[in-house]
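Whatever order the structure lists them in is the order used to number ligands and atoms, beginning at 1. From a predicted model like this one, the values you see are computed outputs, not experimental measurements. Values below: all heavy atoms of this structure, side chains included; hydrogens, waters and symmetry mates excluded.
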Amino acid sequence: MNHASVTSLINRRTLLRQWSAGALGLMFVSGKLPSAFAADESRLLVHSKAPMNAEPSLPDLVRWWVTPVESFFIRSHGNTPEINADSFRLSVEGLVESPLMLSLAELGRLEQHAVTATLTCAGNRRSEHSRIKPVKGVQWREGAIGNAKWRGARLSDLLKKAGVRESAKHVWFEGLDAVDDGGKTFAFGGSIPLEKALLDRESSPGALLATTMNDKPLTADHGFPLRMVVPGYIGARSVKWLSKIVVSDRPSPNHFVADVYKLVDEGTLLEVAESGPIYRMPLNSAICTPTAGAALKPGRVEVTGYALPPGVPGVSIRKVEVSADSGRSWTEAKLTSMTSEFCWQLWSAEISVNSTTKELIVRAIDSRGEAQPEVVRWNAKGYLFNAWHHVPVN
Ligand code: MTE
């Protein structure tokens with residue numbers, strides 16, 4: 001793939017550093033964070049700037065288990081809104097006993113929890129779908145994924161405070177952005193089943209109303225001042241710039257739940273109407289070093305990458321295997337990071353290559369014994385690509 005045609009590497013790091021050192025502090029005092037300060041584009045391959053869609057290079061991605069904000073992918077459907085934190089309010093309405101309207105200070109008075117969770121875009125690896133047959137949309141490589149420490153109130157605590165009515169089954173989220181699609185402008189929305197929202201256990205977080213990412217206030221591109229984080233689910237359910245929660249007896253009618261994030265073969269209206277929304281990410285893995293096209297000397301080579309568990313409570317990565325001979329033999333990788341149900345698993349393997357080695361392949365197996373599929377069925381929207389990851393080498 002010609003990456004240069006779809007991405008640009010823009011070096012604004014120095015400028016951003018100079019500005020941000022003095023300016024960020026001031027902006028938080030005034031409660032506002034202009035979007036221009038949000039993305040460190042020197043660390044990201046930018047697919048589009050308005051809206052901002054960008055991902056890190058693969059070697060950069062796996063240098064840390066907790067991804068620095070500067071290396072964290074950004075996926076936005078509309079432009080990043082500028083939000084005044086002082087006048088910001090979150091409303092909770094629908095099938096609740098007491099509708100709420102809360103400021104950030106009031107949210108801060110709920111018990112605060114820290115959750116480390118991986119966020120992945122449903123379109124991660126879409127460019128591999130497109131190699132089979134072109135798919136519209138951002139041509140994500142394998143970098144639309146990141147692992148961060150989020151902090152904020154639990155959605156379950158907020159729902160308990162509002163008092164959920166018995167008929168409730170789903171929780172809707174709405175952001176403050178304006179997305180243009182099909183001649184209409186509307187806010188991005190998501191929804192999750194009530195059971196997921198209430199799933200809190202110390203070991204297994206349900207969903208968090210996050211105000212910080214890696215111990216700093218959210219940046220504008222990542223949802224300042226408030227976003228959902230729904231561990232184990234596709235990133236689209238982790239609504240940024242969150243301003244409204246609606247408790248309902250059905251999934252949200254928002255375009256991004258009702259029409260967009262669905263697995264469909266051709267994308268006909270009938271297929272879309274017949275398919276349910278996607279919630280969980282499937283088991284996945286990718287090789288991050290060496291990168292595609294690397295020249296390898298015959299001998300031992302270190303291979304590194306990530307694996308993603310399937311978002312099922314209690315299920316983590318058991319094994320990652322790498323092959324240098326088209327899948328005839330496999331070397332078990334060392335799991336080099338923490339193992340956790342809603343976090344990615346970093347790994348590394350030493351593998352022998354020779355002059356006949358054409359590619360490296362990785363596959364993951366989860367703690368239930370389920371293996372990542374060798375191939376996946378093409379789908380019209382290019383979601384959930386999780387076939388064995390192949391990296392051509394020389
Ligand atoms: N929330 C709003 N309001 N608008 C959006 O466009 N994009 C979603 C989700 N939340 C989106 C949103 C998608 S598709 C993903 S993958 C994640 O945000 C990406 O989060 P990030 O940009 O912080 O990495």
Side-chain angles (χ1 to χ4, degrees), residues 33 35 38-41 43-56 61 67-83 88 90 117-126 137-138 140 142-150 172-181 185-192 207-214 216-245 252 254-257 259-262 277-281 308 311 344 381-385:
L33 181 64
S35 55
D40 185 347
E41 294 170 10
R43 297 260 292 256
L44 298 172
L45 302 158
V46 178
H47 290 281
S48 73
K49 289 182 72 119
M52 178 57 84
N53 285 296
E55 64 184 300
L61 183 64
T67 314
V69 175
E70 303 75 40
S71 298
F72 206 98
F73 81 101
I74 299 166
R75 202 300 177 238
S76 297
H77 288 266
N79 289 340
T80 299
E82 289 188 12
I83 297 169
F88 173 87
L90 171 72
T118 294
L119 210 64
T120 324
C121 186
N124 192 33
R125 302 183 64 189
R126 176 177 287 135
V138 180
W140 296 108
E142 296 81 9
I145 184 169
N147 189 47
K149 180 180 163 197
W150 315 93
W172 308 355
F173 311 122
E174 201 178 285
L176 282 170
D177 46 347
V179 181
D180 295 319
D181 200 312
T185 303
F186 48 88
F188 184 93
S191 76
I192 61 172
L208 201 71
L209 296 141
T211 51
T212 71
M213 181 176 182
N214 297 348
K216 297 216 180 80
L218 293 167
T219 63
D221 283 325
H222 290 295
F224 176 84
L226 182 70
R227 76 171 301 163
M228 284 309 308
V229 171
V230 186
Y233 275 18
I234 60 169
R237 307 310 175 212
S238 290
V239 173
K240 303 191 275 191
W241 313 296
L242 177 73
S243 72
K244 189 168 160 186
I245 294 178
S252 164
N254 185 280
H255 181 55
F256 292 95
V257 179
D259 311 311
V260 178
Y261 285 96
K262 291 187 164 185
I278 304 171
Y279 292 116
R280 281 193 291 106
M281 287 301 298
L308 184 73
W344 67 0
K381 294 172 189 272
Y383 293 139
L384 309 187
F385 193 95

Contact table ligand 1 N or O to protein N or O, d under 3.5 Å:
from     : atom 1 : to     : atom 2 : distance (Å)
ligand 1 : 1 (N)  : Lys240 : N      : 2.8
ligand 1 : 3 (N)  : Asp177 : OD1    : 3.1
ligand 1 : 3 (N)  : Asp177 : OD2    : 3.1
ligand 1 : 3 (N)  : Lys240 : O      : 3.0
ligand 1 : 4 (N)  : Asp177 : OD2    : 2.6
ligand 1 : 6 (O)  : His77  : N      : 2.7
ligand 1 : 7 (N)  : Arg75  : O      : 3.1
ligand 1 : 10 (N) : Ser238 : O      : 3.0
ligand 1 : 20 (O) : Arg227 : NH2    : 3.2
ligand 1 : 22 (O) : Arg75  : N      : 2.9
ligand 1 : 22 (O) : Lys240 : NZ     : 2.6
ligand 1 : 23 (O) : His222 : ND1    : 2.6
ligand 1 : 23 (O) : Arg227 : NH1    : 2.6
ligand 1 : 24 (O) : Phe73  : O      : 2.7

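Contact between Asn124 and Trp140 at its shortest, heavy atoms only, is CA-CB, 4.1 Å. Met228 approaches Ala207 most closely through the heavy-atom pair CE-CB, 3.7 Å.
The side-chain heavy atoms of Phe186 and Asp181, taken from C-beta on, include a pair separated by under 4.5 Å.
Taking the six-membered ring where the residue is Trp, Tyr261 and Phe188 present perpendicular rings, their angle passing 60° and hence far from 30°. Taking the six-membered ring where the residue is Trp, Tyr233 and Tyr279 present tilted rings, their angle falling between 30° and 60°.
Side-chain contact check for Thr80 and Asp221: at least one donor-acceptor pair (N or O, by modelled atom type) lies under 3.5 Å.
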